[in-house]
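Atoms considered below: every heavy atom in the structure, side chains included; atoms not considered: hydrogens, waters and symmetry mates. As the structure lists them, so they are numbered: ligands from 1, and atoms in each ligand from 1.
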Amino acid sequence: MVDQASLRMVSIFPESAPFPDTMDTMSEFQNPWPAPLATRPLSATVTIPGSKSLSNRYLILAAMGRRPVTLVGLLRSRDTDLMMGALRSLGVEFQVDSDDETTVRVIPPASGRFTGDVDVYCGLAGTVMRFVPGLAMFADGPVRFDGDAQAYARPMKPVLDGLEQLGAHIEYHGEPGRLPFTLTPPVASDGMHAPAHTVSIDASGSSQFISGLLLIGARLPGGLELQHTGDHLPSLPHIRMTVADLQSAGVAVDVDEEHHRWRVHPGPVQLPDRVMVEPDLSNAAPFLGAALIAGGTVSVPYWPRETTQPGGLLPGILQAMGAEITWDGKPWSEATTGEDAPAAATLTVRGDGMIRGLGRFDMSAAGEIAPSIAALAALADAPTQLVGIAHLRGHETNRLAALVTEIRRIGAEAEELEDGIEIRPVPRERLHGAVMETYADHRMATFAAMIGLTVPDIAVVDVATTRKTIPDFVGLWSAMLD
Ligand SMILES: O=C(O)C1=C[C@@H](OP(=O)(O)O)[C@@H](O)[C@H](O)C1
Ligand SMILES: C=C(OP(=O)(O)O)C(=O)O
């Protein structure tokens, strides 16, 4: 049964109305977006824009160098615009290629020092709010940080405590440990001595607390010795990504993952003159998942053989849910291990509409793809418990609560666990249309679009929120279904 309220909302777009096919057009629509049904098996190739996590790390590392760096395939979306805006405030310049806005030359400040007495707007971007305060340590005056009202709920304290241990002064203007705040950097002479600064923080709430400190370690006079004190650490691939990116900028990092300890050696930070950004593999999840839901194939070109992105775990997860995966035209597991395997090739996911539940599944390494896996789990043949993701309560929204509410809204069963979510699917014919809330969370919007492939009359509130990390989600989704 479709509830009446959702029917009324969906019918706001009459059958003959032009379908809003770009995010620019979409953002003009205040009404929920009617998610398209997949009426036949898919056969699509989807080119996924650049990785948010890599783009924002490269922007930061380029800003810390002495020579300009050209980033190719940079993601251009709200989170990267916010990062570029933040860096611009700090004195970094950008030259955007007039033919291709994803090619951007980053010109660090000539003095090597950032501009102080400025404002930085973080929106809802974790990578901006947790990474840019570190750069403010090297500004010539205080830096004021603010963001969307919803960002005030996101945890910030461990990274700011870490910066205080390095000599910063933080003044909180709202709730202590949250945005908005002002960071006053230590005076230049402070800390101009070896040995390494030692910082201890509890990063069980977000790996970004660790990444935000590691990124600036080489610029500290004695380097940085960082210790995580909590008993678990989410999103380890993202921390490895930070380490790998630092290494590609010539920084020496010693890693002791067993004891959750990192040592960043002091020295120059300089990326190569030209850096290519991989596609965002986590953003590929809804598209690849669509092949399991609707049946048929979805291919994503330029899928890297090796990656630090947590989305690199997707082929294995989708395989466990019943997909057949090929890469470079060969079965996934053999193809990537072959000696002459290319650095990147097309990944294809084939499904037959049947999805296997995962049982108990630890998602702590890749929490950001949990909403996409949850959509598949809600349509699967058996229950799934996604665990190790308590920290998703501090993502764009409380994602555990949001997923439970939205899964129940369409008629399936779900409940919050202490560190995750349990999803108990029901036969697809018992699922029903609804207006799905998205809570300003891009991944709740793509979650709803996935459900809408097979459940009629799903409408998605504020689909434009996908612009956080995908410039034109509606356009890509519609093209996939054409
Ligand atoms: O460093 C990064 O780029 C990210 C780290 C992860 O954060 P958490 O560890 O808070 O989950 C991830 O979820 C987020 O989307 C991006
Ligand atoms: C958690 C996410 O984002 P952020 O970088 O804002 O933390 C995400 O993209 O899923």
May I ask you to check whether R154 has an N/O atom sitting below 3.5 Å from an N/O atom of ligand 2?
-> yes

Going by the atom numbers of ligand 1, which of them fall below 4.0 Å from some non-hydrogen atom of E368?
-> 12 (C), 13 (O), 14 (C), 15 (O), 16 (C)

With atoms numbered from 1 as shown, which atoms in ligand 2 lie under 4.0 angstrom from a non-hydrogen atom of L124?
-> 6 (O)

Touching ligand 1 at all, M241? Heavy atoms, strictly under 4.0 Å?
-> no

Per the salt bridge (charged side-chain N to carboxylate O under 4.0 Å, His left out) rule, which among R88, K468, R76 passes with D81?
-> R76

If you measure every N/O of R443 against every N/O of ligand 2, is any gap under 3.5 Å?
-> yes

Locate the shortest heavy-atom distance separating L281 from P304; write the atom from each residue and the value.
-> CD2-CD, 3.8 Å

Note the single closest protein heavy atom to atom 11 (O) of ligand 1, along with its residue, its atom name and the distance in Å.
-> H395 NE2, 2.8 Å

Of the protein's non-hydrogen atoms, which lies at the shortest distance from atom 1 (C) of ligand 2, and what is that distance?
-> E396 OE1, 3.2 Å

For S53, is at least one N or O under 3.5 Å away from an N or O on ligand 1?
-> yes

Please could you name the atoms of ligand 2 that K468 approaches to less than 4.0 Å, counting only its heavy atoms?
-> 3 (O), 4 (P), 6 (O)

Those atoms of ligand 1 less than 4.0 Å from some heavy atom in S206 | 8 (P), 9 (O), 10 (O)

Shortest non-hydrogen contact between P301 and T47, atoms and distance = CG-OG1, 3.7 Å

Residue-ligand contact V128/ligand 2, heavy atom below 4.0 Å = no

Is ligand 2 less than 4.0 angstrom away from at least one heavy atom of T127?
-> yes

Would F181 and Y152 count as a close aromatic pair, with their ring centres under 6.0 Å?
-> no

Per-atom contacts, ligand 2 versus G126 - under 4.0 Å to a heavy atom = 4 (P), 5 (O), 6 (O), 7 (O)

Side-chain donor-acceptor pair present, S282, E368, cut-off under 3.5 Å | yes

Should the pair R178 and Y172 be classed as cation-pi, given the thresholds of under 6.0 Å to the six-membered ring centre and 45° from the axis?
-> no

Regarding R261 and Q227, is there a side-chain donor-to-acceptor distance under 3.5 Å anywhere?
-> yes

Numbered in order shown, the ligand 2 atoms found under 4.0 Å of a heavy atom of Q208 are 4 (P), 5 (O), 7 (O)

Mind listing the closest non-hydrogen atom pair of S211 and T242 along with its distance?
-> OG-OG1, 2.7 Å

Is S235 touching ligand 1 with its side chain, its backbone, both, or neither, if touching means heavy atoms under 4.0 Å apart?
-> side chain

Quick one: closest heavy-atom pair of T115 and G91, and the distance?
-> OG1-CA, 3.6 Å

Contact (N/O only, under 3.5 Å) between H442 and ligand 2 = yes

Below 4.0 Å from any atom of ligand 2, is there a heavy atom belonging to K52?
-> yes

Nitrogen or oxygen of R130 less than 3.5 angstrom from that of ligand 1 | no

Any N or O on R399 sitting closer than 3.5 Å to an N or O of ligand 2?
-> yes

Closest to atom 7 (O) of ligand 1 (judged by heavy-atom distance), picking from Q208, H442, R154 | Q208

H265 and D254: side chain donor to acceptor below 3.5 Å | yes

Geometric N/O contact T127 with ligand 1, under 3.5 angstrom = no

For H395, the ligand 2 atoms whose distance to one of its heavy atoms is below 4.0 Å = 1 (C)

Return yes or no for this condition: an N or O of A125 is under 3.5 Å from an N or O of ligand 2.
-> no

Keeping the roles fixed (side chain from D280, backbone from K52), state whether a donor-acceptor pair exists under 3.5 Å.
-> yes

Determine whether the side chain, the backbone, both or neither of F131 has a heavy atom under 4.0 Å from any heavy atom of ligand 1.
-> side chain

For R57, the ligand 1 atoms whose distance to one of its heavy atoms is below 4.0 Å | 1 (O), 2 (C), 3 (O)

Report yes or no: do D202 and S204 form a side-chain donor-acceptor pair below 3.5 Å?
-> yes

Using distance alone, decide if ligand 1 has a nitrogen or oxygen within less than 3.5 Å of any nitrogen or oxygen in K52.
-> yes

Here the pair of heavy atoms bringing Q150 nearest to E396 is NE2-O, 2.9 Å

Show the numbers, then the answer: is there a side chain to side chain donor-acceptor pair (under 3.5 Å) between T127 and N56?
-> CA-CA 7 Å; T127 48; N56 277 354; 2.9 Å; yes

Do H442 and T469 have side-chain atoms, one donor and one acceptor, less than 3.5 Å apart?
-> yes

Residue pair H232 / S364, side-chain donor-acceptor N/O under 3.5 Å | no

Heavy-atom distance to atom 12 (C) of ligand 1: which of E396, Q309, K468, H238 wins?
-> H238

